[in-house]
Amino acid sequence: DAKTGRANMDNNYRVKLGDVKKIRFVNRKNSMHPMQHPMHLHGQRFLVLSVDGKQNENLAWKDTVLVPAGKTVDVLVDFSNPGEWVMHCHISEHLEAGMMTKFIIK
């Protein structure tokens, strides 16, 4: 989180039930190990709005999006399911290494 400096599970994002929010995934190509990341959000659904600013013309509800190395992906999340839900990389080694955060929807 650029605003707080917190990372991974140190974030507990609180979201009001029914909110719609944009999330931006930034996958820097100059990271230590540049690769794609399949990002998965439990319990909610989202639309992929754009990749690197190019508008997505095929809007469909998803719970996972592939974020290519060196790309930025914007999604619009419909927070319509109350509870505590995690968002994480679907590569198990990345998940185990802490590439995960939590949303609390009330």
Shortest non-hydrogen pair, Ala69 vs Pro34, comes out as CB-C, 4.1 Å

ask   = Does any non-hydrogen side-chain atom of Asn56 lie less than 4.5 Å from one of Ser50?
value = no

Here the gap from Met87 atom CE to Tyr13 atom OH, rounded to the nearest 0.5 Å, amounts to 7.0 Å

* Is the backbone N or O of Met35 less than 3.5 Å from a side-chain atom of Asn27, with the two atoms forming a donor-acceptor pair by type? -> yes

message = With clusters defined by side-chain heavy atoms of hydrophobic residues (ILVMFWY) lying less than 4.5 Å apart, directly or transitively, does Val77 cluster with Val15?
response = yes

Interatomic distance, CG@Leu47 vs CG@Leu59, rounded to 0.5 Å, equals 5.5 Å

Here the gap from His37 atom NE2 to His94 atom NE2, rounded to the nearest 0.5 Å, amounts to 5.5 Å

TODO: Return the orientation label for the His42 and His40 ring planes: parallel under 30°, perpendicular over 60°, tilted otherwise.
DONE: perpendicular

- Begin with the C-alpha distance, continue with both residues' side-chain angles, and end with the deciding distance and a verdict on side-chain contact (heavy atoms from CB on, under 4.5 Å) for Val75 and Val48. CA-CA 4 Å; Val75 300; Val48 178; 4.2 Å; yes

Are Leu49 and Leu41 connected in a single hydrophobic cluster, I mean Ile/Leu/Val/Met/Phe/Trp/Tyr linked by side-chain heavy atoms less than 4.5 Å apart? no

So the salt bridge (Lys or Arg N to Asp or Glu O under 4.0 Å) pairs with at least one residue in residues 77-94 (sequence neighbours excluded) are Arg45-Asp78, Glu84-Lys102

Considering only heavy atoms from C-beta outward, does the side chain of Phe46 approach that of Met39 to under 4.5 Å? no

Quick one: are Trp85 and Gln44 in side-chain contact, heavy atoms under 4.5 Å? yes

Applied to residues 56-72, the salt bridge (Lys or Arg N to Asp or Glu O under 4.0 Å) test, sequence neighbours excluded, yields Asp52-Lys71

- Query: Should Val67 and Met99 be counted in the same cluster of Ile, Leu, Val, Met, Phe, Trp and Tyr side chains packed under 4.5 Å apart?
  - Reply: yes

Between Leu66 and Pro38, the two heavy atoms sitting closest are CD1-N, 3.8 Å

Heavy-atom side-chain contact between His88 and His90 under 4.5 Å: yes

Rounded to the nearest 0.5 angstrom, the CG-CZ distance for Asn81 and Phe103 is 13.5 Å

Worked verdict on Leu17 versus Lys106 for side-chain contact (heavy atoms from CB on, under 4.5 Å):
CA-CA 5 Å; Leu17 182 64; Lys106 292 183 180 183; 5.9 Å; no

